[in-house]
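Just below is one structure, and these are the notes that go with it.
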Amino acid sequence: MAEPLVSIVLPTHNGSRYLDQAIESICLQTMPAWELIVVNDASTDDTRDKIQAWLARDPRIRWIDHVEKRGLPGALNDGFAIARGKYFTTTSDDNWHDLHALDVLTQALEAQPEIALVYAGYHLVNETGAVIGQQRALPIDLLPGRNVVGACFLFRREVFAELSGFDESLFLVEDYDFWLRASLGHRLKPLAETLYFYRVHAWS
């Protein structure tokens, strides 16, 4: 099998409800040179069964099966530890990508070697998947005050290695910390496109 251009890590803990939609959106991407690493973080629902069904359908999907829960930052680090791609991204078990997302993101990085990370806007959807709003990609100079990178991004694998991955002590803000550290030595760039669907839950 050819080496993937993009590695996507999808961590999940009891995320069976929307998992199929998240994985299917990757499988339908117009840019086919990807690998998806699903990290099952000690789920107790039927997540494992759903992952195994996808493994049988697409050889670009791999998985890690945690016996003990590692938490989100740890699951992300474990996934990227086996990633083979030139570019890295993550996704969530309750969100999904626009069909052209990986194509647009990879083209942006391929065309601009001086940029280490690109990020795009995303649609806000409710629990049924209906669009209820939109978040455009905000200017990077706002990063010190808020997480402008958001949910849809792609970065070079060298950045991950340089920063030694996500800080596992910073649960739920591990991504913001990563962007802040990345911005100290690298250029991050917003894109005009809206390429992702981010689910807003009633309890969030």
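The nearest pair of heavy atoms linking Leu10 to Ala22 is CD1-CB, 4.1 Å. For the residue pair Glu174 and Phe166, the shortest heavy atom distance occurs at O-CD2, 3.5 Å. Nearest heavy-atom pair across Leu180 and Pro144 is CD2-CA, 4.2 Å. Taking each heavy atom of Asp41 and Arg70 in turn, the nearest pair found is OD1-N, 2.7 Å. Cys152 approaches Leu105 most closely through the heavy-atom pair SG-CD1, 4.1 Å. The shortest heavy-atom contact between Phe178 and Phe160 is CZ-CA, 4.0 Å.
Note: the hydrophobic cluster containing Phe88 also contains Leu117 (ILVMFWY, side chain heavy atoms under 4.5 Å, direct or indirect links). Both Val148 and Leu172 are members of a single hydrophobic cluster when ILVMFWY side chains are connected at heavy-atom separations under 4.5 Å. With hydrophobic clusters built from ILVMFWY side chains whose heavy atoms lie under 4.5 angstrom apart, Ile8 shares a cluster with Leu55. Connection of Ile132 to Tyr196 is established within a shared hydrophobic cluster, with ILVMFWY side chains joined at heavy-atom distances below 4.5 Å, either directly or through further cluster members. Note: the hydrophobic cluster containing Leu72 also contains Ile64 (ILVMFWY, side chain heavy atoms under 4.5 Å, direct or indirect links).
A donor-acceptor pair shorter than 3.5 Å can be found between the side chains of Asp78 and His66. A donor atom on one side chain and an acceptor atom on the other are not found under 3.5 Å apart for Asn40 and Thr47. One side chain, His186 or Glu162, offers a donor N or O that lies under 3.5 Å from an acceptor on the other. In summary, the side chains of His123 and Asp98 do not present any donor paired with an acceptor at a separation below 3.5 Å, with no hydrogens or angles considered.
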Worksheet item: After noting the C-alpha distance and the side-chain angles of Trp179 and Phe153, does the key distance pass the ring pair (Phe, Tyr, Trp, His ring centres under 6.0 Å) rule?
Response: CA-CA 11 Å; Trp179 315 141; Phe153 51 84; 4.7 Å; yes
Discussion item. Does Ser16 form a side chain to side chain donor-acceptor pair (under 3.5 Å) with Asp45? I'd like the steps, not just the answer.
Written reply: CA-CA 7 Å; Ser16 171; Asp45 61 3; 4.6 Å; no
Fill in: Steps toward side-chain contact (heavy atoms from CB on, under 4.5 Å) verdict (Val38, Ile61)
CA-CA 7 Å; Val38 185; Ile61 301 173; 4.2 Å; yes
Worksheet item: For Phe155 and Tyr119, what are the C-alpha separation, side-chain angles and deciding distance, and is it a ring pair (Phe, Tyr, Trp, His ring centres under 6.0 Å)?
Response: CA-CA 9 Å; Phe155 58 93; Tyr119 59 100; over 10 Å; no
Item to complete: Begin from the C-alpha positions of Phe197 and Tyr122 and carry the test ring pair (Phe, Tyr, Trp, His ring centres under 6.0 Å) through to its verdict.
Response: CA-CA 6 Å; Phe197 295 82; Tyr122 49 93; over 10 Å; no
Worksheet item: Would Tyr198 and Ser92 satisfy side chain to side chain donor-acceptor pair (under 3.5 Å), going step by step from the backbone distance to the final call?
Response: CA-CA 9 Å; Tyr198 180 84; Ser92 300; over 6 Å; no
Fill in: side-chain contact (heavy atoms from CB on, under 4.5 Å) between Asp20 and Trp54, intermediate numbers included
CA-CA 8 Å; Asp20 285 334; Trp54 280 104; 2.8 Å; yes
Practice prompt. Could you check Leu124 against Val131 for side-chain contact (heavy atoms from CB on, under 4.5 Å), going step by step and ending with a plain yes or no?
Written response: CA-CA 6 Å; Leu124 301 172; Val131 175; over 6 Å; no
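Two residues are said to be in side-chain contact when any heavy atoms from C-beta on lie closer than 4.5 Å; Val39 and Thr12 fail this criterion. Side-chain contact between Asn126 and Val200 is absent, with no heavy-atom pair separated by less than 4.5 Å. Contact of the Asp175 side chain with the Val149 side chain is not registered, since no non-hydrogen atoms from C-beta on lie closer than 4.5 Å. At a threshold of 4.5 Å between non-hydrogen side-chain atoms, the residues Tyr87 and Arg157 do not count as touching.
Although no hydrogens or angles enter the test, the distance criterion places a donor-acceptor pair under 3.5 Å between the side chain of Ser25 and the main chain of His97. Judged by distance alone, the side chain of Arg136 and the main-chain N or O of Thr194 form no donor-acceptor pair under 3.5 Å. Judged purely by atom type and a 3.5 angstrom limit, Asp46 has no side-chain atom pairing as donor or acceptor with the backbone of Asp49. Between the side chain of Arg17 and the main chain of Asp93, no donor-acceptor pair closer than 3.5 Å is present. A donor-acceptor pair is defined here as one N or O able to donate and one able to accept, closer than 3.5 Å; such a pair exists between the side chain of Ser7 and the backbone of Gly85. Between the Tyr176 side chain and the Arg146 main chain, a donor and an acceptor come within less than 3.5 Å of each other.
Here Asp58 pairs with Arg60 under the salt bridge (charged side-chain N to carboxylate O under 4.0 Å, His left out) rule; sequence neighbours left out.
The cationic atom of Arg199 (NZ for Lys, CZ for Arg) lies less than 6.0 Å from the six-membered ring centre of Tyr18 and within 45° of the ring axis.
Listed by first then second residue, pairs satisfying salt bridge (Lys or Arg N to Asp or Glu O under 4.0 Å) with a partner in residues 28-40 read Glu35-Arg62, Glu35-Arg84, not counting sequence neighbours. Sequence neighbours left out, the pairs with a member in residues 101-125 that pass salt bridge (Lys or Arg N to Asp or Glu O under 4.0 Å) are Lys86-Glu110.
Salt bridge Asp65/Arg48: present, at least one basic N to carboxylate O contact under 4.0 Å.
Note: Leu195 CG to Leu102 CG = 9.5 Å, rounded to the nearest 0.5 Å. To the nearest 0.5 Å, atoms CD (Glu127) and CG (Asp94) are separated by 9.5 Å. The CD atom of Glu168 lies 4.5 Å from the CG atom of Asn77; values are rounded to the nearest 0.5 Å. To the nearest 0.5 Å, atom CG of residue Asn95 and atom OG1 of residue Thr91 are 6.0 Å apart. The CD1 atom of Ile51 sits 9.5 Å away from the CG atom of Leu36 when rounded to the nearest 0.5 Å.
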